[in-house]
Number of protein chains: 2
Amino acid sequence: MGLCLITAVITVAQVHGTKSRTLLPMARWEPNAAERLAHAALDLFAERGYENTTVIDIAQRAGLGKSTFFRHFQDKREVLFGGGAMDGLLVEAIAAAPATATPLEAVAHALDAAGREVFTPARREFIARRQAVIAANPELREREALKNLALIASMTDALRQRGVPDLTARVAAELGALASTIAFERWSRTATGDDFSEIARQALDDVQASTSLC
Amino acid sequence: MGLCLITAVITVAQVHGTKSRTLLPMARWEPNAAERLAHAALDLFAERGYENTTVIDIAQRAGLGKSTFFRHFQDKREVLFGGGAMDGLLVEAIAAAPATATPLEAVAHALDAAGREVFTPARREFIARRQAVIAANPELREREALKNLALIASMTDALRQRGVPDLTARVAAELGALASTIAFERWSRTATGDDFSEIARQALDDVQASTSLC
DNA sequence: CGCAGTGATGAGACAAAGTCCCATCACTGG
DNA sequence: CCAGTGATGGGACTTTGTCTCATCACTGCG
């Protein structure tokens, strides 16, 4: 799966530094609680595994309490899928594609946007690490599958609003998701700072070519 | 989703009646504990909803204890996805397809098998009821998404073993899953005893035709 | 007829997930 | 200096899921 990735930890460095005077009272009241929790969780999951990590462990490492964890995340799995801006990003990109674009070209437009905003070279290592944690645990893969389904539904809707017939929209969204997954697999293996958008376009072409051989 | 359906409750009426003499000592030691639990669960989920139903509630309605529930099912969700013979059924059907068949024809072969063995007219109402329960709850949809993923992976493997190239196998499996989902949507709406296999073949044709319009 | 063995079950203790309520603390504005 | 706001902490509570051990039904054997 490649679409439903990272979104938490995206709004990272921003506030920090406004009130560096009152550091004594402890980590509490320090900003970015959600980000700290997400980072602490990824670290712990990578160290000891998802199931050997307690929500309390995560909260403690972030200098927070259990209550605060559940105030920021619906459940333990969600800490790795937090942000979720991916959805809107793809929908907007599909809507913004030229009116003359075919469904799959509109999807390619969306994958470009993902490459520009999310799957950046700077985040590659972090995202791959996160993906490894997810792949290692059934509960997390389950959540990822659901997110992916939601993403496909969003893309399908976005295509329909361009006037694409229902079934065609569904097929295009599904093929786009598959291409994205394949592109992500290739991209996370590249040691170099390869551009995700290029890889994704290539993957989309490959997928489209394969449909003729079915 | 249509592929990952029913499997529990499939080995239903069989043993019953061998020891109808000792009925007094209570439901215990009555056979088919798993089936009784699955039916009790579906009834309760339909009545009060998944989240308002306790595992203990389910066990009690089946005349069993909590321990026995978790002895038969990994977790609360799994009670609706129990059997799981679907996987092997599709894999075997794909392997058994004529060597001359294209990937999608092999998949069509698998959907035929599903229509013959699982999505029978007699089970239509029950399956639709179960699907409604799943659709009404995020946790259950999540599990369904994971099962669907596993099914796609199985079909992909089965196609690869026929000598189909990796990417083509993946695309064919994905398109087959989509066709199956669409076929299931259509089939569960038909009041008549329509044949799932026919609907599925039609859906597969529709999907294939749509790929040309992307 | 009785007696030990097997297998499914039940009961209860336990850890962790998730929910809820309320007190507390940091900071804000008057 | 004081009241208000919002994020936090703590703890009680329910439920899920695990584990261990005793129990019961039925089986086969002497």
Side-chain angles (χ1 to χ4, degrees), chain A residues 11 15-38 40-41 44-45 48-82 137-140 142-143, chain B residues 11 15-38 40-41 44-45 48-82 137-140 142-143:
Chain A
T11 16
V15 187
H16 256 299
T18 57
K19 45 198 66 163
S20 35
R21 35 189 172 142
T22 336
L23 278 182
L24 305 169
M26 83 193 69
R28 187 180 175 184
W29 210 243
E30 274 294 297
N32 298 28
E35 276 87 356
R36 275 186 294 151
L37 286 167
L44 288 170
F45 293 166
R48 1 170 157 154
Y50 175 82
E51 43 213 358
N52 297 320
T53 305
T54 291
V55 168
I56 296 185
D57 292 337
I58 302 171
Q60 277 185 344
R61 174 164 300 202
L64 297 167
K66 191 182 81 164
S67 311
T68 304
F69 180 96
F70 286 110
R71 197 171 288 121
H72 285 284
F73 301 103
Q74 269 198 331
D75 55 50
K76 187 182 168 188
R77 300 157 211 82
E78 200 67 12
V79 72
L80 286 186
F81 300 89
N137 186 275
E139 279 187 58
L140 293 173
E142 207 172 19
R143 176 58 51 87
Chain B
T11 16
V15 187
H16 256 298
T18 57
K19 41 199 70 166
S20 35
R21 35 190 170 140
T22 337
L23 279 183
L24 305 170
M26 83 191 70
R28 187 182 176 182
W29 210 243
E30 275 294 299
N32 297 28
E35 276 83 0
R36 275 185 295 149
L37 286 166
L44 287 170
F45 293 166
R48 2 169 158 156
Y50 174 82
E51 42 211 359
N52 297 320
T53 304
T54 290
V55 167
I56 296 185
D57 293 337
I58 301 172
Q60 275 184 345
R61 174 164 300 201
L64 296 167
K66 190 183 81 165
S67 311
T68 303
F69 180 95
F70 285 110
R71 195 171 290 118
H72 286 285
F73 301 102
Q74 269 198 332
D75 55 50
K76 187 181 169 189
R77 300 156 210 82
E78 200 66 12
V79 73
L80 286 186
F81 300 88
N137 186 277
E139 279 187 56
L140 293 173
E142 205 170 19
R143 176 59 50 88

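Please read all numbers here as calculations on a predicted model, not as lab measurements. Every heavy atom of this structure was used, including side-chain atoms; hydrogens, water molecules and symmetry mates were not. Here is how names work: the chains are called A, B, and so on, in the same order as the sequence lines, proteins then strands, and each is numbered from 1.
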Phosphate contact ([N] OP1 or OP2) by [X] side-chain N/O below 4.0 Å:
X	N	value
B:His72	C:dA8	no
A:Thr68	D:dG9	yes
B:Arg77	D:dG17	yes

Tell me the closest heavy-atom pair linking B:Arg77 and B:Tyr50, and the distance in Å.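 B:Arg77 and B:Tyr50 have their closest heavy atoms at CG-OH, 3.3 Å.
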Can you measure from CG (A:Asn32) to NE2 (A:His72) and round to the nearest 0.5 angstrom?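 With rounding to 0.5 Å, CG (A:Asn32) is 9.5 Å from NE2 (A:His72).
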As an exercise, state the distance from CZ of B:Phe45 to CG of B:Asn137, rounded to the nearest 0.5 Å.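 Answer for the CZ-CG pair, B:Phe45 versus B:Asn137, is 8.5 Å.
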Between [atom2] on [N] and [atom1] on [X], what's the gap in Å once rounded to a whole number?
X	N	atom1	atom2	value
B:Arg71	C:dG12	CZ	P	15 Å
A:Lys66	C:dG18	NZ	P	10 Å
B:Glu51	C:dG18	CD	C1'	13 Å
A:Phe69	C:dG18	CZ	P	8 Å
A:Asp75	D:dT15	CG	P	18 Å
B:Arg48	D:dT15	CZ	P	11 Å
A:Leu37	D:dA7	CG	C1'	13 Å

Options [options], nucleotide nearest the side-chain atoms of [X]:
X	options	answer
A:Lys76	D:dG11, C:dT9, C:dA17	C:dA17
B:Phe70	D:dG9, D:dT18, C:dG12	D:dT18
A:Ala33	D:dT18, C:dT9, D:dT8	D:dT8

Between side-chain atoms of residues 57-70 of chain B and protein atoms elsewhere (two or more places apart, or another chain), which donor-acceptor pairs fall under 3.5 Å?
unit_1  : atom_1 : unit_2  : atom_2 : d
B:Asp57 : OD2    : B:Arg48 : NH1    : 2.9
B:Asp57 : OD2    : B:Thr54 : N      : 2.9
B:Arg61 : NH1    : B:Glu47 : OE2    : 3.1

Terminal axes of the helix from C:dC1-D:dG30 to C:dG30-D:dC1 (five pairs each): angle between them, nearest 10 degrees: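 Answer rounded to 10°: the end axes differ by 10°.
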Of residues 52-60 of chain B, the positions that come close to DNA chain C - non-hydrogen atoms, cut-off under 4.0 Å: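 Those residues whose heavy atoms fall under 4.0 Å from DNA chain C, taken from residues 52-60 of chain B, amount to none.
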Who passes salt bridge (charged side-chain N to carboxylate O under 4.0 Å, His left out) against B:Glu51, sequence neighbours left out?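 For B:Glu51, no residue satisfies salt bridge (charged side-chain N to carboxylate O under 4.0 Å, His left out) once neighbours in sequence are set aside.
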Applying salt bridge (charged side-chain N to carboxylate O under 4.0 Å, His left out), name anything that partners B:Glu142, two or more places apart in sequence or on another chain.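 Counting only residues at least two positions away or on another chain, B:Glu142 forms a salt bridge (charged side-chain N to carboxylate O under 4.0 Å, His left out) with A:Arg143.
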Close side-chain approach of B:Phe81 and B:Gln74, heavy atoms under 4.5 Å: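 B:Phe81 vs B:Gln74: side chains apart.
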